[in-house]
Amino acid sequence: MEFFCYHRDRAGSVALRAELMEDHWGYMDGYAAELIARGPTFRSGGAEPSGSVHVVDLPGPAAARAFAFDEPNYQAGVYRDVLLRRWRNLLGRTMWEFPGGGTGGDRYLVLGLGPVRAEGVAAGPTGLPDGTDHDDLIAFGPLLSDDGTTWIGTAALVRAADRDRALGVLAPVRYADVEVHDWEFGGRR
């Protein structure tokens, strides 16, 4: 089962995050085979981290909760909260298989949160919105209820020229709220 996990940083936790970087990476090394995508988010236009994205394929909800809440930064208080949802990998690849590679261009996490879903919005054969430039999608899929049956939003990792173009990946009219976060490929440097 695939899960989307977004840990949001607590204010004032940058120093603690830096202190625990090696512990965090070591923890993630244990999940290397299960990771679909990963990386930090940043405050708009800045170098200060604001959170951490992990998309992971695990046996079930209990394993996903353990992954999210046993993570060293979470245990130490770096994060203020965690968004953990079932997810479906509509692109069928990992971020490391993204044809655009890990460098070049700006990258964003775009979260469309439900429950509003306008009728008549056309989706292509993959479930992606029609008109979406698939070449710039790094990861894309629905956020789902715990049982995997109810759509509650969408998460996308995207390469885009700017925040407005990243926002365009999800038609805001389809969602009660849309968030755009600066994001980069994660892992050891």
Query - Sub-4.5 Å side-chain heavy-atom contact between Asp9 and Val78 - result: yes
Query raised in the report: Side-chain contact, heavy-atom cut-off 4.5 Å: Leu144 with Arg88?
Result: yes
Query raised in the report: Do Pro99 and Arg93 touch side chain to side chain, with heavy atoms closer than 4.5 Å?
Result: yes
Query raised in the report: Gly186 and Pro40: which non-hydrogen atoms are nearest, and at how many Å?
Result: CA-CD, 4.0 Å
**Report entry** Flag side-chain contact, heavy atom, 4.5 Å: Leu157 against Tyr108
**Finding:** no
Report task. Dump the intermediate steps for side chain to side chain contact (heavy atoms under 4.5 Å, CB included) on Cys5 and Val82, then the final yes or no. Result -> CA-CA 7 Å; Cys5 181; Val82 178; 3.9 Å; yes
Requested in this report: List the atom of Ala68, the atom of Tyr74, and the distance in Å for their closest heavy-atom pair.
Outcome: O-CB, 3.8 Å
Requested in this report: Can you see which heavy atom on Asp23 is nearest to which on Pro72, and at what distance?
Outcome: O-CG, 3.7 Å
Query raised in the report: What's the verdict on side chain to side chain contact (heavy atoms under 4.5 Å, CB included) for Leu109 and Phe4, showing C-alpha distance, side-chain angles and the deciding distance?
Result: CA-CA 12 Å; Leu109 163 65; Phe4 175 86; 3.9 Å; yes
**Report entry** Non-hydrogen atoms of Tyr27 and Ala66 that approach each other most closely
**Finding:** OH-O, 3.3 Å
**Report entry** Distance in Å, Ile138 CD1 paired with Met95 CE, rounded so as to fall on 0.5 Å steps
**Finding:** 8.5 Å
Query raised in the report: Do the charged groups of Arg85 and Asp146 touch, with an N to O distance under 4.0 Å?
Result: yes
Requested in this report: Determine, stepwise, if the pair His7 / Arg80 fulfils side chain to side chain contact (heavy atoms under 4.5 Å, CB included).
Outcome: CA-CA 8 Å; His7 292 93; Arg80 69 173 183 165; over 6 Å; no
Query raised in the report: Less than 4.5 Å apart, any side-chain heavy atom of Val169 and any of Leu137?
Result: yes
Query - Gap separating the CD atom of Glu97 from the OG1 atom of Thr94, nearest 0.5 angstrom - result: 3.5 Å
**Report entry** Results of side-chain hydrogen bond (donor to acceptor under 3.5 Å, both in side chains) for Arg159 - residues two or more places apart only
**Finding:** Asp136
Query raised in the report: Does one side chain, of Glu71 or His24, offer a donor that lies under 3.5 Å from an acceptor on the other?
Result: yes
Query - Steps toward salt bridge (Lys or Arg N to Asp or Glu O under 4.0 Å) verdict (Arg86, Asp147) - result: CA-CA 8 Å; Arg86 292 273 304 270; Asp147 65 4; over 6 Å; no
Query raised in the report: When you look at Val110 and Val178, which way does the side chain to side chain contact (heavy atoms under 4.5 Å, CB included) test go after all the steps?
Result: CA-CA 7 Å; Val110 185; Val178 177; 3.9 Å; yes
Query raised in the report: Hey, what's the ring geometry for Phe185 with Phe98, parallel, tilted or perpendicular (30° and 60° as the breaks)?
Result: tilted
Requested in this report: Heavy atoms only: give me the nearest Trp96-Leu35 pair and the separation to one decimal.
Outcome: CZ3-O, 3.4 Å
Query raised in the report: Which residues satisfy the side-chain contact (heavy atoms from CB on, under 4.5 Å) test with Ala64, sequence neighbours excluded?
Result: Phe3, Leu58, Leu84
Report task. With rounding to the nearest 0.5 Å, note down the distance linking CE in Met21 to CG in Leu16. Result -> 11.5 Å
Query raised in the report: Between the side chain of Asn73 and the main-chain N/O of Gly77, is any donor-acceptor distance below 3.5 Å?
Result: no
Query raised in the report: Is the backbone N or O of Arg107 less than 3.5 Å from a side-chain atom of Glu184, with the two atoms forming a donor-acceptor pair by type?
Result: no
Query raised in the report: So, do Met1 and Trp87 sit near enough that their side-chain heavy atoms are less than 4.5 Å apart?
Result: no
Report task. Could you tell me whether the side chain of Leu111 reaches within less than 4.5 Å of the side chain of Tyr175, counting heavy atoms only? Result -> no
**Report entry** For Pro49 against Val14, the heavy-atom pair lying closest together
**Finding:** CD-CG2, 4.3 Å
Query raised in the report: Any side-chain heavy-atom pair from Asp182 and Arg163 closer than 4.5 angstrom?
Result: yes
Query - Residue pairs involving residues 29-43 (criterion side chain to side chain donor-acceptor pair (under 3.5 Å); sequence neighbours excluded) - result: Tyr6-Thr41, Asp29-Arg188, Thr41-Ser50, Arg43-Glu48
